[in-house]
Amino acid sequence: DNTGREGDDLPGGRDTETPMVSAIGQVDAMSLDHHGNRDANNFYFLRSLHPQVVVAQTWCSDQPGQETAHHLSTGTPSWNPPDVFYLFMQAQTQITLGPWITRSAKSLEGHIVIRVMPGGKEFYVFVLNDTTHTLLVKNRFGPYRSE
């Protein structure tokens, strides 16, 4: 539940993400801090980690926060946004965020499995149907190349 409030503008807020970047370096895949809440995953943090894949462990109506969703769906000339897989984005959250953000997601609900291939040079993302006990594969994405 690391926070990354840009400008530390809210009482009690701390930006722990920005100093962490130099210790972490770039990653291929990551899970969002603090379920994608608005107090975490600042743009500098996400851009510096430069993930190809982000798993957003969202489950309630204020997740992801609007700021986080915007960071994940907006590219810059030097940064392409990652492929984002939400565990569960509530219907009211989809309406609030709008279609330009929800359309940018690879998945809005399901169990997410990242399968790294032998040798570690590539991986796949599987979205499983988590509404049944069988967890059947709904979709497969990849291969992603590990750098």
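Predicted model only: the values in this text are computed from it and were never measured.
Glu17 is listed as a side-chain neighbour of Asn41, based on a closest heavy-atom distance under 4.5 Å. Using a 4.5 Å heavy-atom cutoff, the side chains of Leu32 and Gln63 are not in contact. For the pair Leu46 and Pro82, the minimum side-chain heavy-atom distance is 4.5 Å or more. Ser73 places none of its side-chain heavy atoms less than 4.5 Å from the side chain of Arg103. The shortest side-chain heavy-atom distance between Tyr44 and Asp15 does not fall under the 4.5 Å cut-off. The closest side-chain heavy-atom distance from Leu136 to Leu128 is not below 4.5 Å.
In this structure, Phe43 and His71 have tilted ring planes: the angle between them lies in the 30° to 60° band.
When only modelled atom types and interatomic distance are considered, Ser31 and Gln57 share a side-chain donor-acceptor pair under 3.5 Å. When only modelled atom types and interatomic distance are considered, Asn129 and Thr132 share no side-chain donor-acceptor pair under 3.5 Å. A donor-acceptor contact under 3.5 angstrom links the side chains of Asp39 and His34, judged on distance only.
Residues Leu108 and Val84 are members of one and the same hydrophobic cluster, defined by side-chain heavy-atom contacts under 4.5 angstrom among Ile, Leu, Val, Met, Phe, Trp and Tyr. Note on Trp100: it does not cluster hydrophobically with Phe85, by side-chain heavy-atom contacts below 4.5 Å among ILVMFWY residues. Both Ile114 and Phe141 are members of a single hydrophobic cluster when ILVMFWY side chains are connected at heavy-atom separations under 4.5 Å. Connection of Tyr144 to Ile112 is established within a shared hydrophobic cluster, with ILVMFWY side chains joined at heavy-atom distances below 4.5 Å, either directly or through further cluster members. By the criterion of side-chain heavy atoms lying less than 4.5 angstrom apart, applied directly or through intervening Ile, Leu, Val, Met, Phe, Trp or Tyr residues, Val27 is not grouped with Val116; the two fall into different hydrophobic clusters.
Shortest non-hydrogen contact noted between Met20 and Thr16 is CG-O, 3.0 Å. Scanning all heavy atoms of the two residues, the minimum distance from Pro19 to Ser22 falls at O-OG, 3.5 Å. Looking at every heavy atom in both residues, Met89 comes nearest to Pro64 through CE-CD, 3.9 Å. Heavy-atom minimum distance, Pro143 versus Glu122: CB-OE1, 3.8 Å. Val127 and Glu109 get closest at one heavy-atom pair: CG1-O, 3.7 Å.
Counted within 6.0 Å of NZ on Lys138, heavy atoms from surrounding residues, nucleotides or ligands total more than 12; the atom is thus considered enclosed.
Using a distance-only test at 3.5 Å, with no hydrogens or angles considered, no donor-acceptor pair links the side chain of Ser61 to the main chain of Thr93. The closest donor-acceptor contact from the side chain of Asn2 to the backbone of Asp33 lies at 3.5 Å or more, if one exists at all. Side chain of Gln52 to main chain of Arg145: a donor-acceptor pair is present (N/O by atom type, distance under 3.5 Å, no hydrogens or angles).
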Candidate pair Leu135 and Asp130, rule side-chain contact (heavy atoms from CB on, under 4.5 Å), full reasoning: CA-CA 5 Å; Leu135 294 174; Asp130 61 359; 4.1 Å; yes
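In this structure, Ile24 CD1 and Met30 CE are separated by 8.0 Å, a value rounded to the nearest 0.5 Å. Here the straight-line distance linking atom CG of Asp28 with atom CZ of Phe123 works out to 5.0 Å at 0.5 Å rounding. With values rounded to the nearest 0.5 angstrom, Arg38 atom CZ is found 8.0 Å from Thr68 atom OG1. Here CG of Asn139 is found 9.0 Å from NZ of Lys106. Values are rounded to the nearest 0.5 Å. For the atom pair OG1 of Thr18 and CG of Asn42, the computed distance is 4.0 Å after rounding to the nearest 0.5 Å. For the atom pair CG (Leu87) and NE2 (His111), the distance works out to 8.0 Å, reported to the nearest 0.5 Å.
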